[in-house]
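The block underneath contains the structure these notes are about, expressed in C-alpha cells.
Heavy atoms only: backbone and side chains are in, while hydrogens, waters and symmetry mates are out. Numbers here simply count residues along the sequence, with the first being 1.
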Amino acid sequence: MTSATTMKAALPAEHRERLMCLAREVSFAAGTRLFEEGRRADRFWIVRTGTVALDLHVPGRRPAVIETLGRGELIGWSWHFPPCIWHLGAETTSPVRAWEFDAEAVRTMCADDPAFGRDIAVWVGRTVAQRLHASRVRLLDLYAPYGSGGLA
C-alpha cells in the first residue's frame, strides 16, 4: 500500500469529512467482481477491511493481477475522467467491507467547490500514477524477457 494514495494521507480533514457524508457501507464476499474493464464506472470504494485485486484483461490468458489493495486504499479512479469507463477489472480476494461512493454525486461536489475538487483530483491523479507504475512493473514481470524491466 502506498500511503500517499490513502484518503487519510491525500485529503485534509475537512474534505475527508465532506466526502464521507456521501459514503455508504457495503460488504462483499471473497471472489466478488466489483467491476469489469471497459464497462461504465459509476462508483468507487475505499477499503475498510479485506483485499481487492486489480486485474488487466490479457487476450488468450487469464487476467493479469496488477496490484492487490487493502485498508484505506481507493478502489477505482476511472469514474473521475470522462468517458468514465473502467480501465482495469477488480475482484475481492477476501471478504471486504468498504465505503461506497456514487461517482456523479462526488463529481457534482467537486464542481461546486473548487478547493475540494482540486484535492480530489490530486488524490485520484496520484492513484492513477501509482497504478500505472504497478501495471508496468507487473506486465514486465509477466511477459518481458528477463532483465528488460529496469528503468534506464
Q | Which atom of Val26 lies closest to which atom of Trp45, heavy atoms considered | A | CG2-CD1, 4.0 Å

Q | Summary of ring-ring contact (aromatic ring centres under 6.0 Å, His included) pairs that have at least one residue in residues 91-115, sequence neighbours excluded | A | Phe44-Phe101

Q. Between the main-chain N or O of His57 and the side-chain N or O of Glu37, is there a donor-acceptor pair closer than 3.5 Å?
A. yes

Q) Tell me, which pairs form a salt bridge (Lys or Arg N to Asp or Glu O under 4.0 Å) where one or both residues lie in residues 101-111, sequence neighbours left out? A) none

**Q.** Where at least one partner belongs to residues 50-59, residue pairs that pass salt bridge (Lys or Arg N to Asp or Glu O under 4.0 Å), sequence neighbours excluded
**A.** Arg33-Asp55

Q | side chain to side chain contact (heavy atoms under 4.5 Å, CB included) partners of Ser78, counting only residues at least two apart | A | Ala41, Trp86, His87

Q | With Pro95 via side chain to side chain contact (heavy atoms under 4.5 Å, CB included) - residues at least two apart | A | Ala30

(Q) My understanding is that only residues two or more places apart in sequence, or in another chain, count here; which of them pass side chain to side chain donor-acceptor pair (under 3.5 Å) with Thr93? (A) Thr51

**Q.** Partner set under side chain to side chain donor-acceptor pair (under 3.5 Å) for Ser27, not counting sequence neighbours
**A.** none

Q) Would you call the rings of Phe116 and His15 parallel, tilted or perpendicular, where under 30° means parallel and over 60° means perpendicular? A) perpendicular

**Q.** Qualifying residues under salt bridge (Lys or Arg N to Asp or Glu O under 4.0 Å), relative to Arg48, sequence neighbours excluded
**A.** Glu25

Q | His80: partners by ring-ring contact (aromatic ring centres under 6.0 Å, His included), with sequence neighbours left out | A | none

